[in-house]
Amino acid sequence: MKVTSLKGTRDFDPLQVCRRNFIIDNIKEVFCQFGFVPIQTPAMEHLDVLLGKYGTEGDQLVFKIINSGDFLSKCSSEDFTNGSRSVLPKITKKGLRYDLTVPFARYVVNHQHELYFPFKRYQIQPVWRADRPQKGRYQEFYQCDADVIGTESSICETEIIWMISEVFKKLGITDYQILINNRKLLAAIAEKLGMADHLQTLCVAIDKLDKIGQQKVLEELSDKGFSTASLEILQPILDLTKGTKDHWEFLKAYLVDIDSAQKGFEELQEIMDNLAALKLDKVPLKFDPLLARGLNYYTGPIFEVQILNSKVGSVSGGGRYDNLTEVFGLKGISGVGFSFGMDRLYDAMDELNLFPVLNANNTTVLIVNFGLEGHMERLQQLQLLRNYNINAELYPDATKPKKQLTYANKKQIPWVVFIGEHELQQQVALVKNMKNGTQEEVKLSQLPTYFDERARKLD
RNA sequence: GUGAUUGUAGCUCAGUUGGUUAGAGCGCUGGUUUGUGGCACCAGAGGUCGCGGGUUCGAGUCCCGUCUUUCACCCCA
């Protein structure tokens, strides 16, 4: 029997959970402050809901769940000779969610008559991807999504950038960069090349530019059917990474003859004007005409956030999608949202030493167990302390005090209380301060107030 | 899916050209302290060397397979 956790998944110890909650709590606080309400959706969805939304690469990474019962009964021997491509659709109809945006779109369509628009929701849940694990990449990880659906207002995009800066301020992350682009501009470039129907291919190739270099990108596009003439038109875009030209001004001139591009520029301009009015123009926002993003449901502005000086990849990303609810049967509703990758934020904060000192243990008082003699009195004292909202424990076994003290020490419990035979005769408790080792006798009747006063000073 | 890489005590790791009884630190248990933690000292427990096969008189060490870990690519949070 295997007794390890599955590959790409992890166990979290008390301190790790504490730190993860620290991140989640801060994110929640900001989401609430901006008017988002929480929802949750099931881990599993119909495969039809999931597939076809993430691009071919993404679809392959969706975990599929095998049907219950005699799942092979619907397969013919012909299916088996044709291989898994024929068998798979017949034996699996469910999958684990790959992100939170697509299940949310399904939720909106499902509950459209109960919802009011614009609908602002946040959702913090795990998602699963059948990826090869590596640094900052897991098969199970948490996303923290905030989306607004039912409005095209650029206030939403502005608020996304605003929220990112607020969250990072709370977490103490200072060196980061928010990249922004607009899918409409990428579409305009494709149109200028005469390859409007190959937008996806163009996006994927352009996105790799800083990794694999110009030559490889050109080869890839040429392989996928881009003509030499079209690649010559593309060349100035690829040269942008080398030069020091102002990307914004350059692209405006480059796309001046493409009508559809103007909307793309206007949308981004509005966002930047809003940020300037909020005096948020110090937020490290950078226009990156080569930012593409892989998920193919985006249609408007797109973002990606990187933490500088960290080996972890992007920690947040998002964008506007106009047609996501349409595939589920609800037309004309535009949505925009983004997501924090909690696990990557954790890794980056750990790497950069940004976590405050956190203690997973909350016990304030440990009562030493002396066995049968005085047992009921100690139980009653425990109850009294808890009634005063003092976190207290009675050590469960009557082992040696030494062992019980060691337990208190490991758990960083600040006070240990001895109520033994001698103390009971006097109706007192011997209270030991574990930080400095001092001890004093306190009347049993005054024990709760004694800790009530002191516990407050600790906070 | 492609290419590397890792696996030895609860944890982190040593282990020489293949050679007798596989080691250390931390942790754990007990003691110095029969009602007092952290520090120190002393003692002890704990290992199918990932799993399966092969080569050899002999394998933790070499070979093959397999699983696993980590990393890069693809893609992404």
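Proteins come first, then strands; the chains are lettered A, B, ... in the order of their sequence lines, and each starts at number 1.
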(message) So for A:Gln404 and B:U36, does any side-chain atom that can act as donor or acceptor lie under 3.5 Å from a complementary atom in the base?
(response) no
(request) Say whether, by atom type as modelled, one donor and one acceptor occur between the side chain of A:Ser227 and the main chain of A:Ser230 under 3.5 angstrom. (result) yes
(request) Start with the C-alpha gap between A:Phe119 and A:Phe104, add the side-chain angles, then the distance that decides, and say whether side chain to side chain contact (heavy atoms under 4.5 Å, CB included) holds. (result) CA-CA 11 Å; A:Phe119 182 55; A:Phe104 173 56; 3.7 Å; yes
(message) Please pick, from B:A77, B:C75, B:U32, the nucleotide with the shortest atom-to-atom distance to any side-chain atom of A:Gln143.
(response) B:A77
(message) Can you tell me if A:Phe141 is stacked onto the base of B:A77, using a 5.5 Å centroid cut-off and an angle below 30°?
(response) yes
(message) Any donor-acceptor pair, under 3.5 Å, between the side chain of A:Lys432 and the base of B:U36, if you only look at N and O atoms?
(response) yes
(message) So if I take every side-chain heavy atom of A:Pro401 and compare against B:G30, B:G35, B:A77, which nucleotide ends up nearest?
(response) B:G35
(request) Would you mind telling me which of B:A77, B:G35, B:A72 lies closest to the side-chain atoms of A:Arg132? (result) B:A72
(request) Ignoring the backbone of A:Asn409, work out which of B:A77, B:G37, B:U69 is nearest its side chain. (result) B:G37
(request) May I ask you to check whether A:Tyr122 and A:Phe31 place their ring centers less than 6.0 Å from one another? (result) yes
(request) Answer yes or no: does a side-chain N or O of A:Lys400 lie under 4.0 Å from OP1 or OP2 of B:G31? (result) yes
(request) Could you please name the option among B:U36, B:C28, B:G35 that lies closest to any side-chain atom of A:Gln439? (result) B:U36
(message) Could you check, using the six-membered ring where one of them is a Trp, whether A:Trp162 and A:Phe34 have ring centers closer than 6.0 angstrom?
(response) yes
(request) Considering just the side-chain nitrogens and oxygens of A:Gln134, establish if one lies under 4.0 Å of OP1 or OP2 belonging to B:A72. (result) yes
(request) Looking only at side-chain atoms of A:Asp131, point me to the closest of B:G27, B:C71, B:A77. (result) B:A77
(message) What I want to find out is whether A:Asp347 reaches A:Lys135 closely enough, with some N-O distance under 4.0 Å, to be called a salt bridge.
(response) no
(request) Check whether the side chain of A:Lys403 and the base of B:G37 form a donor-acceptor pair under 3.5 Å. (result) no
(message) Closest approach to the side chain of A:Arg344, judged atom by atom: which nucleotide of B:G35, B:U32, B:C76 is it?
(response) B:C76
(message) Between the base of B:C75 and the side chain of A:Arg137, is there a donor and acceptor pair under 3.5 angstrom?
(response) yes
(request) For B:U48 and B:C11, measure between their P atoms and round to the nearest Å. (result) 13 Å
(request) Would you mind pulling out the nucleotide paired to B:C26, Watson-Crick or G-U wobble, both distances under 3.5 Å? (result) B:G10
